[in-house]
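Here's the structure, in structure tokens; my notes come after.
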2 protein chains.
Amino acid sequence: MNKKPNLKDVAKVAGVSAITVSRVLSNPEKVSEKLRTKVEQAVHEIGYIRNHAASALASRRSGVIAVIIPSLSNIVFNDVLQGIYSAVKQHHLQVVLGDCHYSPLEEEKLIATLLSQSPEGFILTGTDQTDYARKLLQQSGIPIVQLMELSDCPIDMNIGFSHFNAGVDITNHLLQKGYRKLGFLGARMDTRTQQRLAGFKKAIADFKQPCQSYVVTTTQSSSIRLGGQLLQAVMAESQGQCDAVFCCNDDLALGALFETKRMNLKVPADIAICGFNDLEASALVEPSITSVASPRFEMGQQAVELLMTAAGEDKTHKPPIDVGYRIVERAST
Amino acid sequence: MNKKPNLKDVAKVAGVSAITVSRVLSNPEKVSEKLRTKVEQAVHEIGYIRNHAASALASRRSGVIAVIIPSLSNIVFNDVLQGIYSAVKQHHLQVVLGDCHYSPLEEEKLIATLLSQSPEGFILTGTDQTDYARKLLQQSGIPIVQLMELSDCPIDMNIGFSHFNAGVDITNHLLQKGYRKLGFLGARMDTRTQQRLAGFKKAIADFKQPCQSYVVTTTQSSSIRLGGQLLQAVMAESQGQCDAVFCCNDDLALGALFETKRMNLKVPADIAICGFNDLEASALVEPSITSVASPRFEMGQQAVELLMTAAGEDKTHKPPIDVGYRIVERAST
DNA sequence: ATGAAAGCGCTAACAG
DNA sequence: CTGTTAGCGCTTTCAT
């Protein structure tokens, strides 16, 4: 195996200097058409591929952005990722991705690792970073976006929506529909889920008429199966009184719905169900499930755009961007 | 903003030479405990992060592996990715990930881009690469794994299972259950889906008794909603005769199942449904859906292990690894 | 166990 | 428009 061709090899074949080849690759318009064609042929002929490490070192531009999500298996972050990848393609950037498994400590390590790639921007999920992580991020001097939720003290830029308000609204929706014995089914209990729960409690506390609430949570990760188990649990705790459940996401809601069939409960007559995130399945099951929709793909895209526009500028702290949410009312409530 | 600290800065603070700091970071055991502690403190104090580009350039080891999947939105590849990420963590590697949207041409471009990172290994999905892509890959000299399906002429290493055989088996399962008017619902129609369809046709052709088949396919991407539409289509084409459908994946199968409720068809009495991939929902809907399971997470892990063990060795072409599949029989058939 | 010198492959800055 | 020179920050190699 011959070693990989480098710029000089291409230059030799094309009969030009190395820097000209470099220009053809980065700024083709700065090279005469004649030389450019010669170089392009040479590149293709010997299958030259530019050495990113050398290029990044010399130019101080890595062409990379770093992204950390809490979970690869949660389809919610998938939507965000797709938005990120679609935007990144326009800008000819690469993504280096980390999955921190909802752990701030893992996230801290990942941040250090990913920063070593000299990313030109950093996208984080949520606002729950360790102090040392914040220090590293800050001192890196690159633009940073925190995604998904709104923060009072963002590291840099912030785009998301209020999970607390969404929790309030969806709970009020149930109360307005006449349900009075409300259950909350929560899994994982990350910060966003906690905010949804806080919204649930707030709505109940503020409600002018007597009503009952039952909160069942677990730190296990969400799954459809778990939704069924939590429904069992809330029915046990409420001695069968619970007449509506707010599930902290649609996986749980689907599981709860499937479980009602086994328990011979009618939805929404015996019990109402609502979820969160508005997954495709929620609209298509029978009965369809009320949920909370948010523009995840667009959030991902916009995060990249924010990074790119912020790249040169001074750090004028922009205010958080609230992308909002929408309650999608369906047959289950 | 002061510029980022480099090795020399750390060295100065710790009162040692740059190379010693480098050793502490890469081969701590080669440095005396006294100096090591000093250096570690200095690193933490000034928040030093090693410049990956420089490190990669000097050492000729990028610590990166490249991965291309056909779709970020398909949960199937998510499982594989999780396997990859979990294995990669053990080896202290970074992943650069590309989504080629099922397009060999996009894949070719991605391969060129990702190769510029000098990855130490490359994981590809499927066997449908362009000639130029294969050339680039081959000449890069790095170990390569093709995932998901088995290939007659792999570029290098290969791990997957036979989608053709799985298609044959699941079709025979339906035939054995007494169904004789079989429909195939296919979306996307990538190479693996086509192999499943080929298996379906083979099983029908080989069956000793009279039976009927209806094939409905589209190049649209899969979704639950589409499953409902395709079920409508196959019922129209078969004039209501179709008594079993093999859906090329579980999304379609779920959509088909939900549609049967709207059409007032009983499953499996009026019509049997089976899917592919064995998603969690398939086990939990009512009735539960027969599907084909495969060890996706493990495939991802094993792909990384293969790359790592192959790293040093000569290219002794290993035979493809068949991870097999399993038909999970459930209530829907 | 530690250090000095050289150079990885590329591009910025300057020169022509 | 094209080329020359220097150096990005690190690790390799060789010396002590």
Side-chain angles (χ1 to χ4, degrees), chain A residues 2-40 42-43 46-64 92 113 115-120 140-141, chain B residues 2-40 42-43 46-64 92 113 115-120 140-141:
Chain A
N2 310 323
K3 67 192 246 309
K4 272 191 292 182
N6 63 19
L7 262 192
K8 276 187 192 164
D9 298 329
V10 181
K12 213 171 294 170
V13 172
V16 298
S17 72
I19 186 66
T20 301
V21 180
S22 175
R23 290 208 181 95
V24 171
L25 264 33
S26 315
N27 302 89
E29 73 282 0
K30 295 198 172 175
V31 177
S32 69
E33 187 161 341
K34 212 177 73 188
L35 285 194
R36 187 173 41 202
T37 334
K38 258 203 258 180
V39 168
E40 276 162 356
V43 165
I46 68 181
Y48 170 72
I49 288 180
R50 104 124 109 0
N51 181 325
H52 171 263
S55 166
L57 180 59
S59 69
R60 268 147 268 208
R61 306 205 65 234
S62 67
V64 157
H92 296 280
T113 312
L115 277 179
S116 76
Q117 306 266 351
S118 314
E120 296 176 20
S140 76
Chain B
N2 311 325
K3 69 192 243 312
K4 275 189 290 182
N6 63 20
L7 261 193
K8 277 188 191 164
D9 299 328
V10 181
K12 214 171 292 172
V13 172
V16 298
S17 70
I19 184 64
T20 301
V21 180
S22 174
R23 288 207 183 95
V24 171
L25 265 32
S26 316
N27 302 88
E29 73 282 1
K30 296 199 170 174
V31 176
S32 70
E33 187 161 340
K34 213 176 70 187
L35 285 194
R36 187 171 42 199
T37 334
K38 259 205 260 181
V39 169
E40 277 162 355
V43 164
I46 67 180
Y48 170 73
I49 288 179
R50 117 120 103 357
N51 181 325
H52 171 263
S55 166
L57 180 59
S59 69
R60 269 145 266 211
R61 305 204 66 234
S62 66
V64 157
H92 296 281
T113 312
L115 278 178
S116 76
Q117 306 266 351
S118 315
E120 295 177 21
S140 76

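Since this is a predicted model, take the numbers as computed values, not measurements. Per chain, numbering begins at 1; letters A, B, ... match sequence-line order.
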Would you name the heavy atoms of Leu57(A) and Asn51(B) that are closest together and state the gap between them?
CD1-ND2, 4.2 Å

Checking Asn27(A) side chain against Lys30(A) main chain: does a donor-acceptor pair fall under 3.5 Å?
no

Determine yes or no for a side-chain-to-main-chain donor-acceptor pair under 3.5 angstrom, with His52(A) supplying the side chain and Ser62(A) the backbone.
yes

Taking atom types as modelled, is there a side-chain donor on Ser26(B) or Arg50(B) under 3.5 Å from an acceptor on the other?
yes

Which nucleotide of DNA chain C is the first, and which the last, in the 5' to 3' direction, to come under 4.0 Å of a heavy atom belonging to chain A?
dG9(C) to dA13(C)

Footprint string (nucleotides 8-16 of chain D, 5' to 3'): B base within contact, S backbone only, - free, heavy atoms under 4.0 Å:
BBBBBB---

Without swapping roles, check the side chain of Arg61(A) against the backbone of Ala56(A) for a donor-acceptor pair under 3.5 Å.
no

Quick one: do the Ser17(A) and Thr20(A) side chains pair a donor with an acceptor below 3.5 Å?
yes

Backbone N or O of Ser55(B) within a donor-acceptor pair of the Ser59(B) side chain at under 3.5 Å?
yes

